[in-house]
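The structure under discussion appears below in the form of structure tokens.
Because the structure is a prediction, the values reported are computed rather than measured.
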Amino acid sequence: MSDHFFAGSFGGDNAKIDDATRLECKICWYVYDPAEGDTYWQIPAGTPFTGLPEHWTCPNCDGAKDGFLVLDGEAHG
């Protein structure tokens, strides 16, 4: 658990998500959708959240990757 963890956070736990899971930034509500990828960081479509590079941060607010929230109905485990 990181300093940025709170209920509903991804928290860096890959067991909570699968390759198609969309996640939302807890700061600015940006949604990372694996089907779309991320043009800011040049992440190709089809890249799961777990496949993002370690240095990846929210393209809108620079929020930490482990602070993203699993969208309702998409949590696993």
Side-chain angles (χ1 to χ4, degrees):
M1 190 177 315
S2 75
D3 293 338
H4 307 288
F5 182 82
F6 65 92
S9 285
F10 161 64
D13 184 358
N14 291 340
K16 292 183 177 180
I17 60 176
D18 66 19
D19 288 353
T21 303
R22 296 180 315 134
L23 291 99
E24 184 173 61
C25 178
K26 70 179 182 182
I27 299 170
C28 73
W29 311 118
Y30 167 84
V31 174
Y32 179 78
D33 185 343
E36 298 178 9
D38 175 6
T39 55
Y40 179 82
W41 284 100
Q42 300 179 348
I43 304 296
T47 303
F49 195 81
T50 57
L52 295 173
E54 288 301 315
H55 65 272
W56 186 88
T57 57
C58 177
N60 282 343
C61 71
D62 207 29
K65 183 178 171 184
D66 61 357
F68 272 63
L69 307 170
V70 177
L71 290 177
D72 288 342
E74 298 184 32
H76 300 273

- Heavy atoms only: give me the nearest I43-P53 pair and the separation to one decimal.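 Heavy atoms only, the tightest pair is CD1-CD, 3.7 Å.
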- Considering non-hydrogen atoms only, spot the tightest contact between K65 and L52 and give its length. NZ-O, 3.0 Å
What's the separation between atom [atom1] in [X] and atom [atom2] in [Y], rounded to the nearest 0.5 Å?
{"X": "D66", "Y": "T57", "atom1": "CG", "atom2": "OG1", "value": "11.5 Å"}
{"X": "R22", "Y": "I17", "atom1": "CZ", "atom2": "CD1", "value": "13.0 Å"}
{"X": "D33", "Y": "L23", "atom1": "CG", "atom2": "CG", "value": "10.0 Å"}

- Message: If you take the centroid of each ring, where Trp contributes its six-membered ring, are W56 and Y40 closer together than 6.0 Å?
- Response: no
- Message: Looking only at the aromatic ring of each residue, does the gap between the centers of Y32 and F68 stay below 6.0 angstrom?
- Response: no
- Do Y30 and C61 come close enough that some side-chain heavy atom pair is under 4.5 Å? no
- Item | D18 side chain reached by P48 side chain, heavy atoms, under 4.5 Å |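 Answer no - side chains too far apart.
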- Message: When you group the ILVMFWY residues by side-chain heavy-atom contacts below 4.5 Å and let the links chain together, are I27 and W41 in the same group?
- Response: no
